[in-house]
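Below is one structure, written out as structure tokens, with a few remarks after it.
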Amino acid sequence: MTVLRHDGVELFYETHGSGPALLLTHGFALTAEMWAGQIEVLAPHFQVITWDMRGHGRSGSPRDPGAYSRDATVADMARLLEMVGAPDAVLGGLSLGGYMSLAFHLAHPERVRALIAVDTGPGFRSDAARAEWNASAFKTADQFESDGLTGAADGNGMACTAGHRDAQGLAHAARGMLAQPDTGIIASLPKIAVPTLVVVGENDVAFLPAADYMAAKIRGARKVVIPGAGHIANVDQPELFNTSMVEFLRDSALIGQDATPRGLQSKAGVSMDGA
């Protein structure tokens, strides 16, 4: 277990492999363990960094609700890259982790080589839609405070893949990180100029429109729909997900053209749009 202390918060992280950095960020109420099925595939080509966001898993859970925010998370990501000596990185994230990867690109576009957004929403243009999302985030926070970690899940019913330190950290994260303050991320999509892969599970009905929107707004983005997958596409269908991801990285010249990870299926049945 490797721990970085940043801004008074202990952040758990692991590194695998060597080469250019690839930072993977988990979804809300999940942990770094959700990426276990991708490590073997990616580590031969990258220094893969997985981590637990503040309030999650083995990382610290500050008592101050003000310690949880989009900006604080982006700063944590920047510090992690500095810690491993990476001037830039490919960023991948699921759901909240994908949103934070987009936020990192908004703050530090020069430090992002490519983006992989998995079952991710970029926020809302409509104030009413954002208020509805935030009300759901606040309700989730209230549930953690009333029920504790028993049956911990996010608003999509995702079961946690690993233990967390306490429920209060997740409640603070729901209010400060899952809730969205403005239109900054969704407005930034047309400005993204790095290779971008948008992945969504075909059964993740709530996020299918968001995937379509991101693929349309991000210039040159590739969209992949993973059959038989829900909101955690990389866990539900790891071989199809890994194949699509490796082909994107190969086509974007981020790994060698001869890269063929062991044990991967053909992506028959995978719906793919874009270059």
Side-chain angles (χ1 to χ4, degrees), residues 4 11 13-27 32 34-35 38-51 53 70-71 73-120 122 184-186 188-200 211 214-215 217-224 233-234 241-261 272-275:
L4 160 69
L11 299 174
Y13 72 99
E14 292 181 338
T15 61
H16 306 267
S18 60
L22 192 157
L23 176 62
L24 295 173
T25 303
H26 60 81
M34 64 157 284
W35 299 111
Q38 282 65 62
I39 300 302
E40 183 179 2
V41 170
L42 292 169
H45 311 287
F46 296 96
Q47 180 184 26
V48 182
I49 308 145
T50 61
W51 68 300
M53 287 188 281
R70 186 171 71 196
D71 289 347
T73 307
V74 168
D76 288 343
M77 296 165 74
R79 186 68 186 97
L80 279 168
L81 293 182
E82 291 169 5
M83 188 70 181
V84 301
D88 53 27
V90 175
L91 300 185
L94 173 90
S95 198
L96 177 60
Y99 179 83
M100 292 301 182
S101 297
L102 294 172
F104 186 96
H105 178 273
L106 176 60
H108 306 288
E110 75 286 352
R111 300 194 66 183
V112 181
R113 301 182 67 205
L115 288 163
I116 302 172
V118 186
D119 296 294
T120 294
I185 303 305
I186 194 168
S188 74
L189 299 181
K191 301 175 184 177
I192 295 174
V194 296
T196 301
L197 175 65
V198 177
V199 182
V200 64
M214 286 193 294
K217 291 294 183 179
I218 300 173
R219 185 168 61 254
R222 173 181 296 185
K223 186 188 76 175
V224 172
N234 66 301
F241 174 86
N242 289 347
T243 299
S244 297
M245 178 180 58
V246 166
E247 290 190 357
F248 163 75
L249 293 168
R250 195 165 54 203
D251 292 346
S252 302
L254 294 164
I255 58 177
Q257 293 300 306
D258 59 345
T260 307
M272 183 173 68
D273 299 327

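- Remark: Thr196 OG1 to Lys217 NZ distance equals 15.0 Å, nearest 0.5 Å.
- Of the possible polar contacts, none joining the Ser101 side chain to the Tyr99 backbone as a donor-acceptor pair under 3.5 Å is found.
- In this structure, Arg250 and Gly256 approach most closely via the heavy-atom pair CG-O, 3.3 Å.
- Met245 places none of its side-chain heavy atoms less than 4.5 Å from the side chain of Asn234.
- The distance from atom CG of Leu80 to atom CZ of Phe104, rounded to the nearest 0.5 Å, is 9.5 Å.
- Across Thr120 and Gly93, no two heavy atoms sit closer than the pair OG1-O, 3.7 Å.
- Across all their heavy atoms, Pro122 and Leu189 have their closest contact at CB-CD1, 3.9 Å.
- Between the OG1 atom in Thr25 and the CE atom in Met100 there is a gap of 9.0 Å [rounded to 0.5 Å].
- Residues Pro195 and Arg222 form no side-chain contact, since every pair of their non-hydrogen atoms from C-beta on lies 4.5 Å or further apart.
- The shortest distance between side-chain heavy atoms of Val74 and His108 falls below 4.5 Å.
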- Task: Check step by step if side-chain contact (heavy atoms from CB on, under 4.5 Å) holds for Met53 and Leu96.
- Result: CA-CA 10 Å; Met53 287 188 281; Leu96 177 60; 3.8 Å; yes
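- To the nearest 0.5 Å, the span separating CG on Leu24 from CD1 on Ile116 amounts to 7.5 Å.
- A 4.5 Å side-chain heavy-atom check between Trp51 and Asp76 finds at least one atom pair inside the cut-off.
- Put simply, the side chain of Val199 does not reach to within 4.5 Å of the side chain of Ser244, judged on heavy atoms.
- At least one donor-acceptor pair closer than 3.5 Å links the side chain of Arg111 to the backbone N or O of Ala86.
- Among residues two or more places apart in sequence or in another chain, the salt bridge (Lys or Arg N to Asp or Glu O under 4.0 Å) test is passed with Arg79 by Glu82.
- Annotation: side chain of Ile255 is not in contact with side chain of Leu42 (no heavy-atom distance under 4.5 Å).
- Smallest separation of non-hydrogen atoms from Leu106 and Gly184: CD2-O, 3.9 Å.
- Scanning both residues, Arg113 and Val194, for their nearest heavy atoms gives O-CB, 3.6 Å.
- With a 4.5 Å cut-off on side-chain heavy atoms, Glu14 and Ile39 do not count as touching.
- Put simply, CD on Glu40 and NE2 on His16 are 12.0 Å apart, with the number rounded to the nearest 0.5 Å.
- Looking only at distances, no side-chain donor or acceptor of His45 sits under 3.5 Å from a matching main-chain atom of Gly19.
- Shortest non-hydrogen contact noted between Leu254 and Phe46 is O-CZ, 3.8 Å.
- Counting heavy atoms from C-beta outward, Val84 and Tyr13 have side chains that approach closer than 4.5 Å.
- Remark: Leu91 CG to His105 NE2 distance equals 9.0 Å, nearest 0.5 Å.
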